[in-house]
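Remember, it's a predicted structure, so these values are computed and weren't measured experimentally. One-based numbering, in listed order, for ligands and for the atoms of each.
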Amino acid sequence: MTKTAFLTKEKAEEIAASFPTPFHVYDEAGIRKNAQAVRDAFAWNKGFREYFAVKANANPFLINIMREYGCGTDCSSLTELMLSDAMGIRGEEIMFSSNDTPPEEYAYADKLGAIINLDDITHIEVLEKTLGHIPETISCRYNPGGVYEISNGIMDNPGDAKYGMTKEQIISAYRTLKEKGAKHFGIHAFLVSNTVTNDYYPTLAKTLFELVVEIQKETGCEFTFINLSGGVGIPYRPEDSANDIHAIGEGVRKVYEEVLVPAGMGEVAIYTEMGRFMMAPYGGLVTRAIHEKHTYKEYVGVDACAVDLMRPAMYGAYHHITVLGKENAPCDHVYDVTGSLCENNDKFAIDRKLPKIQKGDLLFIHDTGGHGYSMGYNYNGRLKSAEVLLKEDGSFALIRRGETPKDYFATFDCFDIYKDLIKEA
Ligand SMILES: *Cc1c(COP(=O)(O)O)cnc(C)c1O
């Protein structure tokens with residue numbers, strides 16, 4: 001398999017003439033096609049909704065595109081809730097799946113009418129104290145513990161994860177919530193991240209469906225939705241095969257008919273909270289080679305750094321790189337592609353086979369649409385890049401400007417030094 005960039009060198013240079021590199025660029029056509037495919041894959045379920053995980057990409061222009069396909073938002077913080085509210089996303093179109101939640105954020109989520117998803121049993125008391133009531137619709141997050149394995153051996157370690165409640169706790173939580181006035185219940189679990197198998201959602205669905213049938217019997221709680229959360233992955237490496245969302249939707253439907261329908265629960269809505277799958281492949285980081293260095297290794301220095309894309313530095317994650325205009329050139333050079341941070345992990349690629357790179361070449365770093373810009377930070381005082389939308393008709397628009405020193409220094413604006421800091425900004 002080869003991975004191709006969704007824009008040409010000519011288009012990238014055209015954008016760079018208006019908005020200097022580095023910038024993240026997003027592919028509107030790709031976002032739309034995928035959002036439609038997700039909608040089709042779960043069309044069999046009347047109440048289906050994808051709540052886009054805002055933490056993956058908090059750009060309102062991009063979220064608005066997904067809203068046209070019925071998506072709501074999955075929020076985990078005050079500012080993500082504020083963004084949803086400002087965009088006109090209302091009530092149960094917002095899922096509040098947070099953990100270690102500050103009480104005032106529960107209050108704000110409740111004011112918006114968002115569905116609150118409780119990460120821990122002790123939060124029932126916090127919620128009641130903060131709101132003065134328990135919302136009629138409420139969800140709890142489940143953690144089965146141990147190791148969670150799916151058919152192709154991909155697994156994760158929920159037993160080591162900070163999220164969710166044990167089985168005993170979650171049953172007790174539903175009982176308590178019901179006593180305190182909750183009427184409609186949901187369940188949520190996120191057990192494995194970035195899965196590249198069509199079996200993750202169906203396997204998780206079976207776990208949750210069976211549990212919900214048991215809990216409904218035991219507690220009399222009426223379940224109205226089951227939230228499969230995120231975790232559907234994308235092929236970062238050329239040799240990975242992509243998930244087939246139609247096969248995934250079909251897999252979930254089969255389990256639904258095997259487990260929920262016979263239990264008289266054929267009205268339950270399926271929710272998802274995908275972030276990566278909705279956006280990651282439809283974003284790329286465009287950066288220019290500005291230096292080459294020959295020491296014990298061959299280095300290409302680019303004008304982006306881990307501030308723009310943290311996953312390689314943070315997780316050693318692979319992001320494919322295309323040297324624009326050299327798509328068909330042989331990959332007969334081996335480079336470390338680095339940013340400028342004073343941190344040796346600031347490398348977009350290590351020992352990567354690439355075509356010969358010249359200063360001035362544009363590099364397209366793939367799959368930055370999810371957990372890319374949004375994960376950025378400001379180490380070394382580096383400023384965050386702009387975001388550009390490549391539209392379906394080939395035109396482009398700025399959808400977030402790059403940071404300026406003024407933004408970086410803004411939190412000093414109540415101090416005398418601010419005037420001097422921004423003198424030249
Ligand atoms: C991160 C996260 C998601 C999205 O995960 P992806 O891997 O991007 O699909 C969804 N829900 C919750 C609660 C999360 O923390």
Side-chain angles (χ1 to χ4, degrees), residues 26 31 34-35 37-38 41-42 49-59 62-63 66 71-81 84 93-101 105-106 109 114-120 123 138-143 148 150 154-156 158 160-165 170 186-198 200-201 204-205 208 225-236 240 242-243 245 248-249 252 270-283 309-311 314-315 317 319 367-375:
Y26 301 98
I31 296 168
N34 183 64
V38 168
F42 288 92
R49 177 172 274 145
E50 150 69 4
Y51 289 88
F52 175 69
V54 177
K55 76 163 192 240
N57 191 320
N59 192 304
L62 302 175
I63 295 172
M66 288 179 281
C71 296
T73 50
D74 166 36
C75 301
S76 57
S77 65
L78 175 70
T79 50
E80 291 178 1
L81 288 167
S84 299
E93 294 169 352
I94 305 173
M95 181 69 62
F96 188 48
S97 287
S98 63
N99 70 92
D100 191 22
T101 313
E105 297 189 6
Y106 277 138
I115 301 177
I116 291 175
N117 183 26
L118 295 175
D119 180 69
D120 190 52
H123 289 217
I138 192 101
S139 175
C140 294
R141 183 165 184 166
Y142 175 56
N143 182 333
Y148 201 73
I150 37 192
I154 287 192
M155 60 180 113
D156 220 322
D160 279 343
K162 66 173 176 168
Y163 310 108
M165 308 184 202
I170 207 168
I187 193 166
H188 168 281
F190 187 165
L191 304 185
V192 192
S193 196
N194 191 31
T195 56
V196 278
T197 159
N198 295 332
Y200 170 59
Y201 263 3
L204 172 66
L208 290 181
F225 64 87
I226 292 168
N227 184 347
L228 302 177
S229 190
V232 179
I234 61 141
Y236 284 102
D240 292 342
N243 286 319
I245 196 68
I248 291 172
V252 175
I270 300 299
Y271 294 163
T272 56
E273 294 175 340
M274 292 181 280
R276 192 185 319 271
F277 188 78
M278 302 304 290
M279 277 302 300
Y282 314 111
L309 176 67
M310 198 181 189
R311 297 185 71 256
M314 189 163 171
Y315 312 119
H319 278 262
D367 302 319
T368 70
H371 311 287
Y373 180 98
S374 65
M375 207 184 253

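The ring of H188 has its center no closer than 6.0 angstrom to the ring center of Y142.
Looking only at atom types and distance, the side chain of S98 has no donor-acceptor partner in the side chain of E105 under 3.5 Å away.
F277 has its side chain out of reach of E50: every pair of non-hydrogen atoms, C-beta onward, lies at least 4.5 Å apart.
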Does the ring-ring contact (aromatic ring centres under 6.0 Å, His included) test come out yes or no for Y282 and Y26, once each step is laid out?
CA-CA 5 Å; Y282 314 111; Y26 301 98; 10.0 Å; no
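Atoms of ligand 1 found under 4.0 Å from any heavy atom of M274, numbered from 1 in the order shown, are 9 (O). Short contacts between ligand 1 and G230, defined as distances under 4.0 Å to a heavy atom of the residue, involve ligand atoms 5 (O), 9 (O), 10 (C). Atoms of ligand 1 found under 4.0 Å from any heavy atom of S229 (numbered from 1 in listed order, with element): 10 (C), 11 (N), 12 (C). Those atoms of ligand 1 with a heavy atom of A53 less than 4.0 angstrom away are 3 (C), 4 (C), 10 (C). Near H371, meaning under 4.0 Å from any of its heavy atoms, are these atoms of ligand 1: 6 (P), 8 (O).
Heavy atoms of D74 found under 4.0 angstrom from ligand 1 belong exclusively to the side chain. Under 4.0 angstrom from ligand 1, there are no non-hydrogen atoms of F277.
For atom 5 (O) of ligand 1, the nearest non-hydrogen atom of the protein is F190 CE1, 3.4 Å. Looking from atom 9 (O) of ligand 1 to the surrounding protein, the closest heavy atom is G275 N, 3.0 Å. The nearest protein atom to atom 7 (O) of ligand 1, hydrogens excluded, is given as G231 N, 3.4 Å; this is a heavy-atom distance. The closest protein non-hydrogen atom to atom 1 (C) of ligand 1 is K55 NZ, 1.4 Å.
Any N or O atom pair closer than 3.5 Å counts here, and E273 shares at least one such pair with ligand 1. Checked by distance only, ligand 1 and R141 stay at 3.5 Å or farther apart across all their nitrogen or oxygen atoms. Taking distance alone, with nitrogen or oxygen atoms compared against 3.5 Å, V232 stays at or beyond that limit from ligand 1. Polar contact check, R276 against ligand 1: a nitrogen or oxygen pair lies under 3.5 Å apart.
Expressed to the nearest 0.5 Å, how far CZ of F190 lies from CG of N227 amounts to 10.5 Å. With rounding to the nearest 0.5 angstrom, the CD atom of E80 is 8.5 Å from the CD1 atom of I63.
Panel note: side chain Y163, backbone A189; no donor-acceptor pair is recorded below 3.5 Å. The backbone N or O of N59 sits less than 3.5 Å from a side-chain atom of N57, completing a donor-acceptor pair. Checked by atom type and distance alone, the side chain of S76 never pairs as donor or acceptor with a backbone atom of S97 at under 3.5 Å.
Taking the six-membered ring for Trp and thresholds of 30 and 60 degrees, F96 and Y106 have ring planes more than 60 degrees apart, a perpendicular arrangement.
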